[in-house]
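Heads up: the structure comes next, in structure tokens.
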Amino acid sequence: MTVEQAVERKAASPAPAASRDFRLVVLNWFRELTLVPVIVVLMIAGAVVNPVFFTPSNLINVAEGGAALGMVVVAESLILLTGKFDISLQGTFGLAPLLGAWLIAPKASEGLGTEWNPWLGLVVVLAVGLAVGTFNGLLVIKANFNAFIFTLAMSILLTGLQLGWLGGQTVYNLPEAFIYLGAESWFGIPVSVWVTIASFAVAALFLRYHRIGRAMYAIGGNLEAARAAGIQVDRVRIGVFMVASVLAAVGGLMQAGRVTAVTAGQGSNLIFGVFAAAVIGGISLEGGRGRMVGALTGVILLSLVTNILTLSNISSTWIDAVDGAIILIALGLAKLIGTERA
Amino acid sequence: MTVEQAVERKAASPAPAASRDFRLVVLNWFRELTLVPVIVVLMIAGAVVNPVFFTPSNLINVAEGGAALGMVVVAESLILLTGKFDISLQGTFGLAPLLGAWLIAPKASEGLGTEWNPWLGLVVVLAVGLAVGTFNGLLVIKANFNAFIFTLAMSILLTGLQLGWLGGQTVYNLPEAFIYLGAESWFGIPVSVWVTIASFAVAALFLRYHRIGRAMYAIGGNLEAARAAGIQVDRVRIGVFMVASVLAAVGGLMQAGRVTAVTAGQGSNLIFGVFAAAVIGGISLEGGRGRMVGALTGVILLSLVTNILTLSNISSTWIDAVDGAIILIALGLAKLIGTERA
Amino acid sequence: MSGLTSTGPATNPVPVGEAQNVSKSFGETKALVDVSLDVKAGECHALVGRNGAGKSTLVALFTGLNRPDTGAIRLAGEPAPAPADRGAWLARVACVYQRSMVVPPLTVAENVFLNRPVGDSRSFVNWRRLRAEAHELMLEWGFDLDVDREASTLTVEQRQIVEIARALSTGARFLILDEPTAALEKAAVDRLFDRVRRLREGGVGVLYISHHLEEIYEICQRVSVLRDGELVLAGSVSDVSQGALIAAMVGSAPPRRATEIEATRKTAGLGDVALELKQLNVVSRTGSVYDLDLAVRAGECVGLVGLQGSGSATVGDAVAGLVKTRSGSITARGVIGYVPQDRHQRGFAPQLGVDENLTHGVLARISSRLGIVSVRRRTDIARREVQRLHIVARSLDQPVASLSGGNQQKVVVGRALAAEPSVLVAINPTVGVDVASKEALLDAIAEARDRGVAVLLVSDDFEDLRVCTRLLVMVRGRVTTRFDRPPWDRQRLIGAVEALEVAV
Amino acid sequence: SPSSSGGSSTPKIGVVLTYNLPGFWGNYLKYESQYESQLGVQLIGPKVANVEANGNEAAQQIIDVRSLIAQGVQALIINPADSAAIGPALDYAKSKNVPVVTVDVAPSQGSVYMIVRADNNAYGSKSCDYIASHASGPGTIAMVEGDLTSLNARDRAAGCQSVIQQKYPNFKVKSYETKDWGTDPAVQNATTALTAISDLRGVYVHWSVPEDGIIAAEKQKSKWADVGAANHIILVGNDGSPHECDLIRSKTLDATIDQPADKYAYYAIFYAKQAITGTKYSAGQSTDHNSSIVTVQGNLEDALAAPLVTLAGDNGSTQVNSTDLWCNNH
Ligand SMILES: Nc1ncnc2c1ncn2[C@@H]1O[C@H](COP(=O)(O)OP(=O)(O)OP(=O)(O)O)[C@@H](O)[C@H]1O
Ligand SMILES: Nc1ncnc2c1ncn2[C@@H]1O[C@H](COP(=O)(O)OP(=O)(O)OP(=O)(O)O)[C@@H](O)[C@H]1O
Ligand SMILES: [Mg+2]
Ligand SMILES: [Mg+2]
């Protein structure tokens with residue numbers, strides 16, 4: 001651009017201080033909300049497919065179905081924003097509640113028999129999350145292991161531990177406090193939904209308004225620049241791994257509460273949906289780009305698809321194929337609208 | 001760097017063109033063969049665990065167990081070398097043989113009933129592989145979709161199609177020609193093992209001696225430099241996607257031949273093992289680095305681990321955990337030995 | 001912002017930044033050797049030197065991104081803060097780095113205040129205040145930039161403005177500008193200089209790095225020259241002539257370098273036009289090109305000379321087909337050989353051997369009909385180029401990554417020549433090579449030219465121009481001056497390149 | 001033939017399974033080790049293909065069979081992952097003269113010594129018959145299916161569908177597939193059914209693990225009523241685990257299929273042992289445990305009784321406190 005143009009522009013916008021560039025704001029939101037039209041179309045489809053779709057109780061189902069997934073999407077999005085990757089969140093999602101449940105459940109229902117206080121069990125769940133996150137963070141950030149393959153191996157290990165630990169049993173008969181998160185409701189809406197929405201909101205506000213949140217964008221956007229600006233990049237990135245694993249553990253707790261049991265298979269294959277939701281929701285796999293509200297639309301989209309397919313008369317064997325096709329379409333749309341997210 | 005130094009140096013090495021640098025060759029082999037000591041240790045462990053381990057029939061069992069995996073590892077390694085990624089190879093591994101089998105099997109054994117000539121069925125298998133590979137290649141390379149998320153969605157779609165097509169049924173009673181690859185032996189060694197070894201060898205030779213093979217390294221090593229040197233980078237990369245999918249389809253054919261049927265679940269979760277084998281075998285996820293002989297050691301390692309765990313008295317519920325731990329150890333070793341592969 | 005507005009004259013004798021006998025090596029590269037340099041409050045201190053002389057390395061030491069191997073850094077008269085204490089560094093020294101330190105997904109306002117609290121809270125961002133302050137800053141310094149724009153949408157110049165604004169706003173008394181004007185328009189440069197002067201009057205010390213020597217005379221008081229990591233000249237700008245400065249930068253000049261560049265005069269024996277550009281327009285972040293017409297005939301070597309950002313390199317990339325043209329046409333006959341500007345980005349595959357890299361352009365030629373690469377033919381070609389260009393490598397299959405920088409560059413040139421092109425496009429082909437090797441490279445290019453290759457040589461290194469048969473000077477995207485008959489006069493050439501009024 | 005090495009006292013029997021899923025198979029494993037000593041055999045394994053090679057169970061079972069035979073087992077107990085794909089493994093065992101007893105799945109290729117199985121198709125028909133016949137009125141049955149790539153899930157689904165089609169024209173079945181027998185998707189499917197189907201009369205779930213979650217969902221949706229209450233939604237599961245029997249006793253679960261994990265484990269070992277000693281069986285023979293030997297696709301099968309378990313014990317179902325049930329012999 002030439003100097004003349006630049007001067008011209010300045011003259012044309014004499015009071016830019018007050019008026020944010022409105023187009024820009026719209027554009028930004030537009031970018032985050034690419035999926036909204038898709039969601040609207042899906043909703044219409046849902047209503048056509050089955051009149052039940054728009055009943056409050058079904059919409060609550062949709063929300064509850066996405067709650068645990070949503071927690072892991074928040075977690076993975078935080079990691080993706082800083083330019084990293086964690087597959088083992090699904091392992092934590094299964095293993096952390098398992099260990100907690102195992103320590104508090106009576107022997108008769110496949111616990112260890114120590115029958116710890118359920119609150120202590122909850123602490124164990126969070127502690128396992130924290131420990132796995134710390135381990136991953138240190139090895140990926142400090143020892144510089146490739147995040148994909150390292151967390152893949154961790155995921156295999158954690159899922160394997162989960163399986164081995166129980167040897168094919170289910171821990172059930174869990175105390176109220178332990179399953180509260182997944183089993184109870186407040187004002188007719190499941191606690192898990194409240195907690196997930198709160199997590200999205202807190203993460204969004206944190207990312208938008210907290211200095212460390214902004215630092216995460218800077219780290220994902222330009223690591224060198226972040227370092228030069230005095231951001232403690234390693235500390236932030238390891239911290240993000242830790243927080244993310246704890247969030248995944250909480251997500252696992254929700255799921256355990258929902259089914260009032262912990263099974264050996266909890267969490268397996270979860271991560272695919274997590275990546276799909278985050279990425280079609282606009283979180284870039286390259287880091288530094290995307291917002292929580294976008295990731296939330298990703299979760300909503302996937303939950304809606306599942307719900308509508310279940311409500312529809314599509315044979316249950318075709319549901320997976322339709323699911324894959326819809327994710328592809330969402331990717332294609334995102335590409336067309338030009339957010340470069342895919 | 002003064003002129004004098006340069007002249008001196010030049011004088012000191014009067015024949016810089018002397019062809020091969022022996023140290024370098026050794027170093028290169030060393031780098032490729034990091035896993036050999038691990039494999040040796042495993043073999044000793046195997047012999048200790050169970051005297052059956054070293055019998056020819058067990059070793060053939062190991063080889064046959066790794067054959068189909070090996071085909072997909074060859075395929076994925078080719079793609080990784082050019083700096084890309086394909087998760088949907090596992091979908092092709094299942095869907096391609098399924099469609100072929102469906103067209104040739106009688107209605108009674110869940111075929112379509114057209115009972116095509118088995119050779120035509122084989123052509124269908126390869127054609128499905130080719131079609132999926134072309135589609136992936138075009139969309140990842142030309143339309144520039146993110147390879148991870150795009151091929152993930154493709155994988156969900158293909159696996160879903162596989163389930164939906166037959167409603168979860170297994171196609172069986174397959175003609176000789178169709179199952180030949182997985183069911184027959186030459187000189188006491190299964191044909192699948194011969195073919196997999198041949199594929200590794202051909203791929204290795206191709207990569208080493210064919211101009212397109214060398215171009216692949218150039219592309220993975222530095223895409224921009226390859227483009228600047230006039231290499232048709234897009235064409236090569238799309239071609240690699242196509243070849244890889246065909247190889248995955250052949251791998252699926254081996255598996256189908258082995259069990260003389262195509263199940264709806266064939267291929268699911270295969271890709272994790274594929275990445276693990278390739279990466280611990282020294283194929284870099286960043287592209288341009290690694291060799292087929294390394295990938296082969298990765299396959300051997302994983303197959304050995306499975307076999308030894310099977311022969312040992314470890315409860316099979318702990319097998320996954322041990323598996324994950326061994327992959328982590330292999331990654332750590334590779335890191336220590338400093339090949340930067342992890 | 002605080003502190004910048006005070007305009008009291010600086011009387012503080014303590015330097016705002018000081019390097020005391022610092023040395024720094026990267027592996028076997030001695031980037032800095034026993035360098036001492038200080039920047040006083042209220043002065044603008046120029047640091048010049050050729051590419052790779054060690055300027056940016058010194059900047060990294062001053063800003064705490066790197067630690068000296070020996071020697072010490074002092075800021076504001078005190079020993080440098082601990083390396084981990086980035087906050088302390090940032091409070092004492094602000095810098096516009098040569099490498100872009102803009103975070104693309106963030107807005108201009110945020111980039112300006114990256115990791116710095118605005119408002120009352122240290123932990124939370126007050127967006128309104130942030131935007132308002134960023135906007136105010138922009139107004140104050142006369143930048144016209146919407147502070148809400150995402151940095152990824154900015155042009156190179158605008159990104160530079162962001163970095164300058166960031167540095168200006170820290171309130172540090174020591175400001176480093178590492179080639180801030182490389183991508184700026186003349187008017188923008190003038191505005192920047194106004195600001196630097198005001199800062200200086202406010203008592204800020206500036207370390208100013210630029211390859212545009214005339215700028216130094218315009219705003220700097222002292223100048224230091226680095227050559228191969230050593231400080232070879234330091235003095236008052238008014239005492240050092242431009243000629244002396246150049247001599248210090250390039251070292252003791254070979255005789256013929258004095259004022260004229262000897263070059264081949266060649267008008268006869270030229271072949272047909274092999275490369276033709278018509279009304280070429282290219283928009284590029286690294287320098288746009290406007291309405292360029294150019295024809296290169298076989299056996300001719302046209303030199304395209306210009307500063308970074310002038311668009312000369314973009315022309316080369318466009319001919320090689322690596323950037324999209326906006327309009328106009330490029331017609332080339334036969335194979336195009338190409339030497340890219342940035343060898344790391346486009347020059348070679350680092351893990352592959354010398355032989356492989358040399359033959360990447362001729363894979364088809366060295367392989368059989370079935371595509372089997374003939375190792376013998378590859379070795380022959382590689383050996384030929386290694387000998388012709390004096391490439392020093394342990395063996396033909398040594399990875400290019402482990403060659404010295406100069407030898408890497410030779411491999412890149414070798415790759416282009418190995419293709420036996422009919423059109424050769426070379427951008428700064430001799431960057432980073434030693435004097436003797438440079439001769440070899442240039443001889444090889446001249447030899448190609450004499451064989452009937454049409455050569456387009458894009459360079460800002462005047463030494464390269466001796467193989468040219470005519471020169472075109474580009475300034476800000478347009479050809480401004482033509483030199484048709486050698487020898488080339490250095491002073492006039494510099495004048496034309498720098499677009500000084502005295503020139504031509 | 002396998003070298004009956006020295007101590008013919010304790011026959012070596014290899015065990016190859018597909019799942020160790022909670023509910024049925026977890027308990028099968030417990031019983032297996034219990035009967036191992038009781039019947040005086042040495043079990044090698046179990047190999048669990050779903051764990052060893054998730055997604056490639058069929059191929060893994062061939063490997064497992066080979067390596068067990070290499071280890072000198074004299075007979076094999078196999079739960080085939082797929083009734084067709086087990087063919088090559090059976091052929092190999094036959095070529096080595098190692099007799100095979102399959103558990104829970106009848107092979108469609110290859111020959112075996114005995115199939116120990118209850119009819120999965122019958123599981124489905126009994127369950128849905130129970131729901132339809134006990135429902136307060138005509139309406140819809142939600143069937144939460146297991147992984148449809150497994151034969152058992154497909155058989156149970158088919159059994160349910162066919163009984164409703166044939167006997168209950170004013171009932172409909174809405175089915176929901178659950179990949180990998182996942183607990184959470186199953187509960188999610190049931191929850192959707194609870195809200196979506198206005199005339200929901202009952203839920204048939206193919207296995208026992210999701211039951212607790214489904215009950216919790218009913219309570220959360222205020223759709224809960226004790227068994228027997230007018231607005232109760234009938235819930236029928238499958239497995240007959242001790243926890244399920246407790247649920248039935250507490251009027252929380254209506255019924256389940258007693259898939260006799262104990263008998264599966266016992267008779268699998270029993271027949272394997274008989275095979276080693278060379279006992280011959282023939283079709284039509286009746287057994288001492290309330291079943292008879294039948295022919296299935298050319299192989300003999302001991303079709304074990306797998307009764308429906310209810311609190312009332314009516315209509316041919318078994319009362320939940322019966323000592324015949326494995327849940328009461330735990
Ligand atoms: N991180 C590093 N690792 C290895 N070598 C380095 C590194 N940074 C700089 N060098 C080397 O140190 C020398 C000095 O580089 P420096 O960037 O300081 O040059 P400069 O004077 O700024 O050049 P230019 O004018 O091109 O910016 C060069 O030889 C360079 O290759
Ligand atoms: N990473 C490496 N691995 C192996 N050898 C290396 C590596 N880096 C440099 N060398 C070798 O060290 C020697 C010195 O290299 P260096 O880059 O310091 O040379 P230089 O004096 O800077 O030359 P130039 O003027 O060409 O840049 C060379 O022989 C080079 O091949
Ligand atoms: Mg520099
Ligand atoms: Mg050098």
Side-chain angles (χ1 to χ4, degrees), chain A residues 50-53 55-62 64-66 68-69 108-110 159-160 163-164 166-174 179 182-185 188 190 254-270 303 306-307 309-311 313 315-320, chain D residues 17 19-30 46 48 50-51 54 143-145 148-149 154 157 174-198 208-217 219-223 241-243 246 330:
Chain A
N50 197 325
V52 166
F53 175 76
T55 59
S57 102
N58 184 60
L59 294 177
I60 288 175
N61 278 351
V62 174
E64 193 173 11
L69 175 76
S109 50
E110 304 300 338
T159 311
L163 194 67
L166 282 183
Q169 299 296 334
T170 304
V171 189
Y172 57 95
N173 267 347
L174 301 172
I179 61 170
E184 295 304 314
S185 293
M254 282 180 187
Q255 176 133 326
R258 178 131 197 247
V259 304
T260 70
V262 189
T263 64
Q266 177 166 320
S268 52
N269 293 323
L270 181 80
S303 300
T306 310
N307 182 262
L309 289 177
T310 327
L311 288 179
N313 284 322
S315 154
S316 54
T317 49
W318 281 104
I319 284 187
D320 278 357
Chain D
L17 303 182
Y19 301 106
N20 64 346
L21 287 171
F24 178 75
W25 287 108
N27 286 295
Y28 176 92
L29 288 167
K30 278 190 179 171
V48 182
N50 183 256
V51 177
N54 191 357
M143 174 161 59
V144 178
E145 303 164 329
L148 288 178
T149 63
R154 293 202 303 271
K174 171 84 173 102
S175 52
Y176 303 89
E177 203 246 343
T178 309
K179 221 178 164 180
D180 293 333
W181 303 87
T183 314
D184 185 64
V187 172
Q188 172 74 16
N189 283 333
T191 311
T192 305
L194 285 178
T195 39
I197 304 176
S198 51
S208 60
V209 184
E211 288 159 3
D212 281 338
I214 294 173
I215 292 162
K219 288 182 174 158
Q220 200 192 44
K221 296 263 161 208
S222 310
K223 300 251 175 177
S241 70
H243 181 57
D246 288 344
H330 195 56

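Throughout, protein chains are lettered first and strands after them, A, B, ... in sequence-line order, and every chain is numbered starting at 1.
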Item to complete: Measure the shortest side-chain to side-chain distance between D:His243 and A:Thr170 over non-hydrogen atoms and say whether it is less than 4.5 angstrom.
Response: no

Worksheet item: With only heavy atoms counted, which part of D:Ala196 is less than 4.5 Å from chain A, the side chain, the backbone, both or neither?
Response: both

Worksheet entry | Donor-acceptor pair, side chain of D:Lys174 and main chain of A:Thr310, under 3.5 angstrom | yes

Discussion item. Testing the basics here: between D:Thr195 and A:Val52, what is the closest heavy-atom pair and its distance to 0.1 Å?
Written reply: O-CG1, 3.5 Å

Practice prompt. Could you grab the distance from atom CG of A:Asn307 to atom CG of D:Asn189, nearest 0.5 Å is fine?
Written response: 10.0 Å

Discussion item. For the CD1 atom of A:Ile60 and the OG1 atom of D:Thr191, what is their distance to the nearest 0.5 Å?
Written reply: 12.0 Å

Discussion item. Heavy-atom cut-off 4.5 Å, strictly under: side chain, backbone, both or neither for D:Glu145 against chain A?
Written reply: side chain

Worksheet item: What distance do D:Tyr176 atom OH and A:Leu309 atom CG have between them, rounded to the nearest 0.5 Å?
Response: 12.0 Å

Worksheet item: For D:Gln188, is it the side chain, the backbone, both or neither that has a heavy atom under 4.5 Å from a heavy atom of chain A?
Response: both

Worksheet item: Any idea which heavy atoms bring D:Ala216 and A:Thr260 closest together, and the distance?
Response: CB-CG2, 3.9 Å

Fill in: Proximal component of A:Thr55, with respect to chain D [non-hydrogen, under 4.5 Å]
neither

Discussion item. To check you understand the geometry: which heavy-atom pair defines the closest contact between A:Ser57 and D:Lys221, and what is its length?
Written reply: O-NZ, 3.2 Å

Worksheet, complete the sentence: Closest non-hydrogen contact found for A:Glu184 with D:Gln220 is O-NE2, 3.7 Å

Discussion item. Report which part of D:Lys219 has an atom under 4.5 Å of a heavy atom belonging to chain A: side chain, backbone, both, or neither.
Written reply: neither

Discussion item. Distance check, rounded to the nearest 0.5 Å: D:Thr183 atom OG1 versus A:Tyr172 atom OH?
Written reply: 13.5 Å

Worksheet, complete the sentence: From the list A:Thr317, A:Asn50, A:Thr159, A:Asp320, the residue making the most non-hydrogen contacts under 4.5 Å with chain D is A:Asp320

Practice prompt. Nearest 0.5 Å please: distance from the CZ atom of A:Arg258 over to the CG atom of D:Asp212.
Written response: 14.0 Å

Practice prompt. Can you tell which part of A:Ala261 gets under 4.5 Å to a heavy atom of chain D, answering side chain, backbone, both or neither?
Written response: neither

